[in-house]
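Just so you know, these numbers come straight off a predicted model, no measurement behind them.
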Amino acid sequence: QLVLQESGGGLVQAGGSMRLSCEVSTHTYGTYAMGWFRQAPGKEREFVAAIDWNGRSTDYADSVKGRFIISRDNAKNTGYLQMDSLKSEDTAVYYCAADRKAPWKTTARVDDYVYWGQGTQVTVSS
(Lines give C-alpha, C1' and ligand atoms only; values in the text may rest on other atoms or scores of the structure.)
Protein backbone atom coordinates (compact mmCIF):
# COMPACT_ATOMS: atom_id res chain seq x y z
CA GLN A 1 0.00 0.00 0.00
CA LEU A 2 1.37 3.40 -1.03
CA VAL A 3 -0.03 6.82 -0.17
CA LEU A 4 0.99 9.70 -2.42
CA GLN A 5 0.73 13.41 -1.67
CA GLU A 6 1.53 16.15 -4.16
CA SER A 7 2.61 19.67 -3.26
CA GLY A 8 4.03 22.74 -4.94
CA GLY A 9 1.20 23.78 -7.23
CA GLY A 10 -0.12 27.30 -7.58
CA LEU A 11 -0.25 30.27 -9.92
CA VAL A 12 2.67 31.24 -12.15
CA GLN A 13 3.11 33.53 -15.13
CA ALA A 14 3.82 32.17 -18.56
CA GLY A 15 7.54 31.60 -19.00
CA GLY A 16 8.00 30.96 -15.31
CA SER A 17 9.02 27.86 -13.40
CA MET A 18 7.51 25.64 -10.75
CA ARG A 19 8.54 22.45 -8.99
CA LEU A 20 6.05 19.84 -7.89
CA SER A 21 6.83 17.29 -5.21
CA CYS A 22 5.25 13.91 -4.56
CA GLU A 23 5.85 12.38 -1.14
CA VAL A 24 5.27 8.63 -0.96
CA SER A 25 4.35 6.93 2.28
CA THR A 26 4.66 3.18 2.57
CA HIS A 27 4.75 0.62 5.34
CA THR A 28 5.87 -2.20 3.09
CA TYR A 29 9.19 -2.87 1.42
CA GLY A 30 9.32 -2.61 -2.31
CA THR A 31 10.28 -0.45 -5.23
CA TYR A 32 8.05 1.45 -7.59
CA ALA A 33 8.15 3.47 -10.75
CA MET A 34 6.62 6.93 -10.67
CA GLY A 35 4.70 8.99 -13.14
CA TRP A 36 3.19 12.44 -13.45
CA PHE A 37 -0.08 13.03 -15.26
CA ARG A 38 -2.29 16.07 -15.71
CA GLN A 39 -5.92 16.76 -16.42
CA ALA A 40 -7.35 20.00 -17.73
CA PRO A 41 -11.08 20.83 -17.46
CA GLY A 42 -13.10 18.87 -19.99
CA LYS A 43 -10.13 16.77 -21.06
CA GLU A 44 -8.89 13.29 -20.31
CA ARG A 45 -6.00 12.66 -17.96
CA GLU A 46 -2.78 12.70 -19.97
CA PHE A 47 0.74 11.47 -19.44
CA VAL A 48 3.44 14.01 -18.60
CA ALA A 49 6.54 12.14 -17.44
CA ALA A 50 7.69 8.89 -15.87
CA ILE A 51 10.77 7.57 -14.08
CA ASP A 52 11.83 4.04 -13.16
CA TRP A 53 12.63 2.89 -9.64
CA ASN A 54 16.27 3.98 -9.57
CA GLY A 55 15.98 7.09 -11.73
CA ARG A 56 18.06 5.75 -14.62
CA SER A 57 15.25 5.73 -17.15
CA THR A 58 12.87 8.60 -17.85
CA ASP A 59 10.18 9.31 -20.41
CA TYR A 60 8.33 12.48 -21.38
CA ALA A 61 5.32 13.53 -23.37
CA ASP A 62 6.31 15.39 -26.51
CA SER A 63 4.51 18.49 -25.27
CA VAL A 64 6.86 18.87 -22.28
CA LYS A 65 10.18 17.55 -23.62
CA GLY A 66 12.97 20.05 -23.06
CA ARG A 67 10.89 22.00 -20.52
CA PHE A 68 10.08 19.52 -17.73
CA ILE A 69 12.41 17.26 -15.76
CA ILE A 70 11.29 14.33 -13.63
CA SER A 71 13.50 13.11 -10.80
CA ARG A 72 13.32 11.25 -7.51
CA ASP A 73 15.11 10.95 -4.20
CA ASN A 74 14.54 7.45 -2.87
CA ALA A 75 16.16 8.30 0.47
CA LYS A 76 13.33 10.79 0.99
CA ASN A 77 10.63 8.72 -0.78
CA THR A 78 9.90 11.78 -2.85
CA GLY A 79 9.50 12.42 -6.55
CA TYR A 80 9.78 15.76 -8.30
CA LEU A 81 8.63 17.45 -11.48
CA GLN A 82 10.61 20.55 -12.40
CA MET A 83 8.63 22.63 -14.87
CA ASP A 84 10.30 25.45 -16.78
CA SER A 85 9.15 27.75 -19.60
CA LEU A 86 5.57 27.18 -18.56
CA LYS A 87 2.79 27.88 -21.03
CA SER A 88 -0.90 28.57 -20.54
CA GLU A 89 -1.66 25.15 -22.01
CA ASP A 90 0.19 23.56 -19.09
CA THR A 91 -2.66 24.66 -16.81
CA ALA A 92 -4.19 21.55 -15.24
CA VAL A 93 -4.46 19.47 -12.11
CA TYR A 94 -1.24 17.48 -11.83
CA TYR A 95 -1.24 14.00 -10.34
CA CYS A 96 1.62 11.77 -9.31
CA ALA A 97 1.24 8.01 -9.51
CA ALA A 98 3.18 4.88 -8.60
CA ASP A 99 3.50 1.47 -10.22
CA ARG A 100 4.81 -1.53 -8.26
CA LYS A 101 4.12 -4.21 -10.87
CA ALA A 102 7.01 -3.27 -13.14
CA PRO A 103 9.22 -0.74 -11.30
CA TRP A 104 12.20 -1.36 -13.58
CA LYS A 105 10.58 0.43 -16.52
CA THR A 106 8.65 3.58 -17.30
CA THR A 107 5.09 3.57 -18.57
CA ALA A 108 2.81 6.28 -19.97
CA ARG A 109 -0.39 4.27 -19.52
CA VAL A 110 -2.82 5.50 -16.87
CA ASP A 111 -4.02 1.93 -16.28
CA ASP A 112 -0.53 0.75 -15.30
CA TYR A 113 -0.59 2.91 -12.17
CA VAL A 114 -2.49 1.68 -9.13
CA TYR A 115 -1.57 4.35 -6.61
CA TRP A 116 -2.47 8.00 -7.15
CA GLY A 117 -2.21 11.26 -5.28
CA GLN A 118 -5.07 13.71 -4.85
CA GLY A 119 -3.65 16.17 -7.36
CA THR A 120 -2.37 19.73 -7.20
CA GLN A 121 -3.59 22.64 -9.32
CA VAL A 122 -1.13 24.39 -11.60
CA THR A 123 -2.36 27.57 -13.25
CA VAL A 124 -0.25 29.41 -15.81
CA SER A 125 -1.40 32.93 -16.59
CA SER A 126 -0.64 34.41 -19.98
*Give a yes or no on whether V12 and M83 share a hydrophobic cluster (residues Ile, Leu, Val, Met, Phe, Trp, Tyr; joining criterion: side-chain heavy atoms under 4.5 Å apart).*
yes

_Considering only residues two or more places apart or on different chains, which pairs with a residue in residues 41-77 satisfy ring-ring contact (aromatic ring centres under 6.0 Å, His included)?_
F37-F47

*Least distance between heavy atoms, T31 atom then P103 atom*: OG1-CG, 3.4 Å

*S57 and D52: side-chain donor and acceptor closer than 3.5 Å?*
no

*Taking all atoms of both residues into account, what is the closest heavy-atom pair of S21 and T78, and its distance?*
CB-CG2, 4.3 Å

*Over all heavy atoms of both residues, which pair between A102 and A33 is shortest? Give the atoms and the distance, please.*
O-CB, 4.3 Å

*Closest approach of S85 and S17, non-hydrogen atoms and distance?*
N-OG, 4.4 Å

*asked:* Measuring from atom CZ of R19 to atom CD of Q82, what distance do you get when rounded to the nearest 0.5 angstrom?
replied: 7.0 Å

*List the atom of V48, the atom of V64, and the distance in Å for their closest heavy-atom pair.*
O-CG2, 3.5 Å

*Taking atom NZ of K76 as the centre, does the number of heavy atoms from other residues, nucleotides or ligands within less than 6.0 Å exceed 12?*
no

*Show your reasoning for whether side chain to side chain contact (heavy atoms under 4.5 Å, CB included) applies to R100 and L2.*
CA-CA 9 Å; R100 302 190 85 161; L2 300 178; 3.6 Å; yes

_For Q118, I'd like to know if atom CD has over 12 heavy atoms of other residues, nucleotides or ligands within 6.0 Å._
no

*Under a single-linkage definition using a 4.5 Å side-chain heavy-atom cutoff for Ile, Leu, Val, Met, Phe, Trp and Tyr, are V93 and V124 assigned to the same hydrophobic cluster?*
no

*Are M18 and L86 close enough, and set up right, to give a side chain to side chain contact (heavy atoms under 4.5 Å, CB included), and what steps lead you there?*
CA-CA 8 Å; M18 182 177 287; L86 282 161; 4.0 Å; yes

*In terms of side-chain heavy atoms, does Q5 have a donor or acceptor partner in S7 at a distance below 3.5 Å?*
no

*Can you tell me how far the OH atom of Y115 sits from the SG atom of C22, to the nearest 0.5 Å?*
13.5 Å

*Restricting to pairs with a member in residues 69-95, which pass ring-ring contact (aromatic ring centres under 6.0 Å, His included), not counting sequence neighbours?*
none

*With rounding to the nearest 0.5 Å, note down the distance linking CE in M34 to CG in L81.*
10.0 Å

_Nearest 0.5 Å, please: how far is OG in S126 from CD in Q13?_
9.5 Å

_For the backbone of T107 and the side chain of Y113, can you confirm whether one donor and one acceptor N or O come within less than 3.5 Å of each other?_
yes

*Measure the shortest side-chain to side-chain distance between W116 and V110 over non-hydrogen atoms and say whether it is less than 4.5 angstrom.*
yes

*Same hydrophobic cluster for V114 and Y32, using side-chain heavy-atom links shorter than 4.5 Å among ILVMFWY?*
yes

*asked:* Rounded at 0.5 Å granularity, tell me how far NZ in K105 sits from CG in D99.
replied: 8.0 Å

*Sequence neighbours left out, what passes salt bridge (Lys or Arg N to Asp or Glu O under 4.0 Å) with D90? Give chain and number order.*
R38, R67

*Hey, could you give me the CD/CG distance between E6 and L20, rounded to the nearest 0.5 Å?*
8.5 Å

*Minimum side-chain heavy-atom gap R72-N54 below 4.5 Å*: no

*Judged by atom type as modelled, is there a donor-acceptor pair below 3.5 Å linking the side chain of K101 to the main-chain atoms of D112?*
yes

*Passes side chain to side chain donor-acceptor pair (under 3.5 Å), T123 versus Q121? Steps please.*
CA-CA 6 Å; T123 302; Q121 176 71 45; 3.3 Å; yes

